[in-house]
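Following: one structure in structure tokens, then a few remarks.
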Amino acid sequence: MKVLHVPFCYYPDPVGGTEVYVASLARVQRARGYDVGIAAPDEATRSYSHDGFAIHRFGTAPKMDLRQLYGEGDPAAAANFARVLDRVQPDLLHLHAFTSAVSAGLAHVARARGIPVVFTYHTPTVTCCRGTMLERGTRVCDGEMRVHRCAACMLDGKQLPGAASRLLGSLPESVGRFAGHAGLEGGMWTALRSTELVGVRHASARRFLCEETSHVFAVCEWVRSVLVANGVPPGKITLSRQGLPYPVTSAHACARAASRPLRLAFLGRLDPVKGLDVLIDALATIPHVDLQLDVFAVVQTEAARRREAALIEQLRTDRRIQLVAPLDAADVVERLKDYDALVVPSQWLESGPLVVYEAFAAGIPVVGTNLGGIAELVRDGETGLLVEPRSIAAWAATIQRLFDEPELLRRLKASPKPVRTAEDAADDAARVYGALLNPAASVAGANRL
């Protein structure tokens, strides 16, 4: 079986959890005899090898109009990807992103060639224009794509005052289309077009999920609920959680006893949704606590590089926090054994995250936000502690508690923790792939944890 995976980006670029997942799934599939290739958008079309895999980067347009950016997708990327398909000729296409470059257009050119398309929903940005699945940034959204509600929420996320965001979010989509036909965009003109652009995004997402894909993997329960709420038939969805990129027999007992300083680790992208700012602000309110926070930061964008520079300057005032180089995926579990806990202060609905399983495999608890996939995986008071996401006071109190109660930390470390691997994810994929390539088979049995 020849499979082509398409994430948002790929090595040697800085990568996040989705790309780690893709790499690990690809390695397992290769070991099982699959012919696996990986494609990803880039500024220019090129090919190279990484970890023994053929990597196909397809060029994107330097500029798009707003309708393409919000939903219709990059036609240059779709055309260049079509050439990749013609060269690789996969039996099945597995997409792991939904962006202007990895759009419904890619799925469409695959289907036109008779290639089944599978999609894994990794992040809230697939269906949420704000990108967090938090309505107005404060309460968990049901995820149903509704133009006026979503437009107002998106504008609120761009710091438009509440009354203005509600007003512009209530405009008919025809107002935006009129402005678009007149070539008006940028600043308030783009805000004026918000309902039109959100409508374009929603239509594209629904077409992608309901028509262009053959099957969809949901990596957690909230994702499955969102997919159903937006019209994806339940029988077309398989719940398949992420897994560690290497085999683990059981969660390791952490050899390091609680000590001073309290050692904490943060692993993730330097992006506001990951909540590092909230954590740092919380630590600033408890300067007396003897702790060390190591930030293993992934910098993927120019905006992240600016945040990194600002963070370095900010950390001069708190020597307890250190910015360190990101870890190779294969090294994460071993390094985490040196810490007392992993902190995951995400401010959006994580669909995993994979790093929770990595902490569990290392035998350490997770202190994470009481949201989304984190709350699905962490048992509060048993395998970790759950914290209200935006509350600096709650985060400070929780870290203080870990420091003050060594018995609590000992109990959290000793608690058995669930671990799932890429082998498990590959089993789920194999059942779905087989059913799609052999229509006589059924995927009814594929819906499993």
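The first residue of the sequence shown is numbered 1, and numbering continues consecutively from there. From a predicted model like this one, the values you see are computed outputs, not experimental measurements. Reckoned from all heavy atoms, side chains included, excluding hydrogens, waters and symmetry mates.
Taking the charged nitrogens against the carboxylate oxygens, R410 and E405 have no contact shorter than 4.0 Å, which rules out a salt bridge. A salt bridge does not link D338 with R263: none of the charged nitrogens is closer than 4.0 Å to a carboxylate oxygen. Salt bridge present: R149 and E135 bring a charged side-chain N and a carboxylate O closer than 4.0 Å. Under 4.0 Å is where a charged nitrogen must lie from a carboxylate oxygen, and between E423 and R32 at least one such pair does. Between R57 and E43, none of the side-chain N atoms (NZ, or NE/NH1/NH2) sits under 4.0 Å from a carboxylate O, so this pair counts as no salt bridge. A salt bridge links D42 with R46; the closest basic N to acidic carboxylate O contact falls under 4.0 Å. A salt bridge is absent between R320 and D294: the closest approach of a Lys/Arg side-chain nitrogen to an acidic carboxylate oxygen does not fall below 4.0 angstrom.
Aromatic pair F8/H96: centroids not less than 6.0 angstrom apart.
For the atom pair L4 CG and F81 CZ, the distance stands at 5.0 Å (nearest 0.5 Å). Interatomic distance, CG of L409 versus CG of D404, reported as 11.5 Å (0.5 Å rounding).
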(request) Apply side-chain hydrogen bond (donor to acceptor under 3.5 Å, both in side chains) to T238 and S240, showing your working. (result) CA-CA 6 Å; T238 291; S240 177; over 6 Å; no

(request) Could you check F119 against F217 for ring pair (Phe, Tyr, Trp, His ring centres under 6.0 Å), going step by step and ending with a plain yes or no? (result) CA-CA 6 Å; F119 173 65; F217 287 112; 9.7 Å; no

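With F53 as the aromatic partner, R30 meets the cation-pi criteria of under 6.0 angstrom to the ring centre and within 45 degrees of the ring axis.
Classified by interplanar angle (parallel below 30°, tilted 30° to 60°, perpendicular above 60°), the ring pair H94/Y433 is perpendicular.
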